K.L.:
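Below is the structure I would like to discuss, written out as structure tokens.
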Amino acid sequence: MTTTISHAEDLNLHHIVKQQYDRAVPFADDLDGWRGIAQWLFEPDRIIEVTMPVRLDDGYVHIFRGYRVLHSTVRGPGKGGIRFHPEAGADEVKALATWMSWKCALVDVPFGGAKGGVVCDPHALSNGEKERITRRFTTALGDTIGPFTDIPAPDLYTDSQTMAWIYDTYTMMHPGQATLPVVTGKPVELGGVAARSGATAQGVFYVTEHFLQIGGIPGLEKLDGANVVVQGFGNAGRHAARIFRQAGANVIGVSDSKGGTVDLSGLDVTAIEHHKDEAGTVSTYPDGETVEPGAILEVPCDILVPAALENQITTANAERIDARLIVEAANGPITPEADIVLSQRGIKVLPDILANAGGVVVSYFEWAQNIENQRWEDNDVLEKLRRRMRRATEVVVTKRAGMLDGLDSYRSRWGRAVGHEQPIQLPDLRTAAQTVAIGRCRDAALQRGVWP
Ligand code: GLU
């Protein structure tokens, strides 16, 4: 059955997060206990917007806008990255902070959700300019961030160097205090964890591997020999392409913002990494067929890994996706309406809050080590990550099975709760993951109580 959607799709990320939430709430048990908690859990606790003057290399003062949203602290202090991007805005950052709350709850790290963004074009900035923006932003955030209040990390176009500047600035503002855990994703020399830079992709891999092993895609039990396409060649995409290849997958397509390269018999990922470093793009790689940026998503494959930006698979292209499994390394690459189309076409999706949670898990390990002044072995970090990602995968798969089995009772209970018959969406893995996460946040909120 195909769905024809004639209206323009709403691509506002905060509206999208709300639609996902509304799909999950009817499946969260104990509806009587909610009594307004559902709305509270959705609204961000705090939204900070700052205006920052920064002198750029041209000698002029330029004005930059920065955001930090703390979505929920019911399960612990805020946690989430800071991105530098021209389209960073209040609604986007709110949405990303909300996903962080669900992500932390789902993989059971003791944090709430937060996110930050600075509106800028990172490609047009020198290193010195980025440093001044970062230090000014850290100063503007002041004591709203801190080791036990809100702990930033890298996100789009920020990295371990950015985190080192945040740490240094914050430390200058708090002399004599142990401030190492104020930020994660730091360089190894500054209390960082070697595995952090590849952690998101490593988590994507563990989740995918385990999902296949437990029979998530009948007929595709392992990655060895599977055809994989990766959209995006930033931190997550690049590491994912390499890790999947090392596991024996045939990486048949990769891309970045300029375009993609495809070879149905399998690409040499190491050679592409060299090419990207030299040419600045994978799209001109000589031993593959060059494709337009959007076309990479439509290359027929077993596993598609969107590892770029939000809203990449929409009703405009969902019908043309030719994969058996989509694993969301990026946050929010699929719209709610596209989710319905994919689900009707039998394409499974391992959702972002599960698939890309490896980054925040290893951030948590870094934070815990910093607090204890310890250094764990790299292998221990990876083994702990692996166990946590596998456990979360099983929880989601089991939850979805239970939701499908109990569909009629969920439907009638929800109908009673809202006072009238209400259709509820057939649950996919995203709704199952959200239901687990929201349920954990709800339990924490109800156990703590509402103060005063
Ligand atoms: N920015 C990453 C994410 O979206 C990591 C956040 C963190 O490590 O705190 O999950």
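Read the numbers this way: they start at 1 and go in the same order the structure lists the ligands and their atoms. All figures in this text were calculated on a predicted structure; none of them were measured in a lab.
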K.L.:
Taking the six-membered ring for Trp and the full ring for Phe, Tyr or His, determine whether the centres of Phe42 and His14 are under 6.0 Å apart.
P.N.:
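Here the rings of His14 and Phe42 have centres that are less than 6.0 Å from each other.
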K.L.:
Distance alone, cut at 3.5 Å: any donor-acceptor contact between the side chains of Asp57 and Ser126?
P.N.:
yes
K.L.:
For His174, check ring-ring contact (aromatic ring centres under 6.0 Å, His included) against everything at least two apart and list the hits.
P.N.:
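Once residues adjacent in sequence are excluded, the partners of His174 under the ring-ring contact (aromatic ring centres under 6.0 Å, His included) criterion are Tyr170.
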K.L.:
Would you give me the side-chain donor-acceptor pairs under 3.5 Å for residues 149-159, sequence neighbours excluded?
P.N.:
residue : atom : partner : partner atom : Å
Thr149  : OG1  : Gly146  : N            : 3.0
Thr149  : OG1  : Gly146  : O            : 3.4
Asp150  : OD1  : Arg68   : NH2          : 2.6
Asp150  : OD2  : Arg68   : NE           : 2.9
Asp155  : OD1  : Lys115  : NZ           : 3.0
Asp155  : OD2  : Arg83   : NE           : 2.8
Asp155  : OD2  : Arg83   : NH2          : 3.0
Thr158  : OG1  : Ile82   : O            : 2.6
Thr158  : OG1  : Asp155  : N            : 2.8
Thr158  : OG1  : Asp155  : O            : 3.1
Asp159  : OD1  : Gln161  : N            : 3.1
Asp159  : OD1  : Thr162  : N            : 3.2
Asp159  : OD1  : Thr162  : OG1          : 3.0

K.L.:
List the atom pairs, with distances to 0.1 Å, where a side-chain N or O of residues 191-201 and a protein N or O form a donor-acceptor pair under 3.5 Å, not counting sequence neighbours.
P.N.:
residue : atom : partner : partner atom : Å
Arg196  : NE   : Gly359  : O            : 3.3
Arg196  : NE   : Ser363  : OG           : 3.0

K.L.:
Are Gln20 and Gln434 close enough that a side-chain donor and a side-chain acceptor fall under 3.5 Å?
P.N.:
yes
K.L.:
Which pairs of N or O atoms, one from ligand 1 and one from the protein, are separated by less than 3.5 Å, and what is the distance for each pair?
P.N.:
residue  : atom   : partner : partner atom : Å
ligand 1 : 1 (N)  : Pro154  : O            : 2.9
ligand 1 : 1 (N)  : Asp155  : OD1          : 2.7
ligand 1 : 4 (O)  : Lys103  : NZ           : 3.2
ligand 1 : 4 (O)  : Lys115  : NZ           : 2.9
ligand 1 : 4 (O)  : Asn331  : ND2          : 3.2
ligand 1 : 8 (O)  : Arg196  : NH2          : 3.0
ligand 1 : 8 (O)  : Ser363  : OG           : 2.6
ligand 1 : 9 (O)  : Lys79   : NZ           : 2.9
ligand 1 : 10 (O) : Lys103  : NZ           : 2.7

